[in-house]
Amino acid sequence: NNKALEYYRKAATMGDENGQNGVAYMYKGGLAVPQDYKNAMKWYMKAAKSSNPNAQNNLGWAYQHGKGVPVDMNKALEWYKKAAIQGQYLSQHAMGVILSEG
């Protein structure tokens, strides 16, 4: 996990959206670093702004569940929709669940 984090960080600091998403994933899961949802959100946001659908899905999840940010279903749907439009199937499913529950 330490090597993975090292390479994700190198890519992330060079602006690579997949590297940014990877660093966020490591912080979200507490892999090779202490679990830190706020730091994960920072990195997911960077990747999501580059239209990374996985990061956008992860932001939707964070807003839906209040991990690193307050619960905000409107923001959750906003990020899920951006990812779903790009074919991210987990976001499509999450949107269906949220909308069906009203």
Side-chain angles (χ1 to χ4, degrees):
N1 284 342
N2 288 334
K3 272 293 191 202
L5 181 61
E6 177 187 340
Y7 285 111
Y8 280 144
R9 278 192 174 144
K10 283 183 183 182
T13 57
M14 294 174 64
D16 180 83
E17 66 192 56
N18 292 310
Q20 293 164 345
N21 190 62
V23 170
Y25 177 80
M26 302 293 277
Y27 278 109
K28 177 184 170 190
L31 306 171
V33 292
Q35 189 174 49
D36 182 344
Y37 288 113
K38 287 187 180 187
N39 213 351
M41 286 296 295
K42 176 184 90 170
W43 287 103
Y44 280 139
M45 189 64 72
K46 287 182 182 200
K49 287 181 177 179
S50 295
S51 298
N52 182 294
N54 294 321
Q56 292 170 339
N57 175 69
N58 291 325
L59 282 175
W61 178 88
Y63 279 109
Q64 181 182 2
H65 298 283
K67 299 294 185 176
V69 291
V71 171
D72 186 327
M73 297 308 282
N74 289 325
K75 285 186 179 179
L77 284 170
E78 175 187 330
W79 285 109
Y80 280 142
K81 183 177 181 180
K82 289 179 182 192
I85 288 169
Q86 296 183 74
Q88 216 292 348
Y89 70 93
L90 295 171
S91 289
Q92 294 166 349
H93 174 75
M95 286 186 69
V97 170
I98 291 170
L99 294 172
S100 71
E101 293 175 352

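A search for salt bridge (charged side-chain N to carboxylate O under 4.0 Å, His left out) contacts involving E6 returns K3, K10, not counting sequence neighbours. Every residue two or more places apart in sequence or in another chain that forms a side chain to side chain donor-acceptor pair (under 3.5 Å) with Q64 is listed here: Y80. In terms of the side chain to side chain donor-acceptor pair (under 3.5 Å) criterion, residue partners of N54 (sequence neighbours excluded) are, by chain and number, Q88. N18 meets the side chain to side chain donor-acceptor pair (under 3.5 Å) test with N52; sequence neighbours excluded. Taking the side-chain contact (heavy atoms from CB on, under 4.5 Å) definition, one finds that A11 meets it with D16, sequence neighbours left out. Scored by the side chain to side chain donor-acceptor pair (under 3.5 Å) test, Q56 finds Q86 as partners (sequence neighbours excluded).
Contact annotation: the side chain of V71 never approaches that of H65 to less than 4.5 Å [non-hydrogen atoms, C-beta and beyond]. Residues N21 and Y44 form a side-chain contact, since some pair of their non-hydrogen atoms from C-beta on lies under 4.5 Å apart.
By the 4.5 Å side-chain criterion applied to Ile, Leu, Val, Met, Phe, Trp and Tyr, L90 is assigned to a cluster that also includes Y89.
Listed by first and then second residue, the salt bridge (charged side-chain N to carboxylate O under 4.0 Å, His left out) pairs involving residues 68-92 are E78-K82 (not counting sequence neighbours).
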May I have the list of side-chain donor-acceptor pairs in residues 92-102 shorter than 3.5 Å, sequence neighbours left out?
unit_1	atom_1	unit_2	atom_2	d
Q92	NE2	A84	O	3.1
S100	OG	G96	O	3.1
S100	OG	V97	O	3.0

Which side-chain N or O atoms in residues 24-36 pair as donor and acceptor under 3.5 Å with protein atoms at least two apart or in another chain?
unit_1	atom_1	unit_2	atom_2	d
Y27	OH	R9	NH2	2.7
Q35	NE2	K28	O	2.8
Q35	NE2	Y37	OH	3.1
D36	OD1	K38	N	3.2
D36	OD1	N39	N	3.0

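When every heavy atom of A76 is checked against every heavy atom of G60, the shortest pair comes out as CB-O, 3.4 Å. Residues Y63 and P70 approach most closely at CD2-O, 3.7 Å, considering heavy atoms.
The CD atom of Q20 sits 10.0 Å away from the NZ atom of K42 when rounded to the nearest 0.5 Å.
Under the 4.5 Å side-chain heavy-atom criterion for grouping Ile, Leu, Val, Met, Phe, Trp and Tyr, M41 is not connected to L77 through any hydrophobic cluster. Under a hydrophobic-cluster definition in which Ile, Leu, Val, Met, Phe, Trp and Tyr are linked whenever side-chain heavy atoms come within less than 4.5 Å, directly or via other members, W61 and M73 are assigned to the same cluster.
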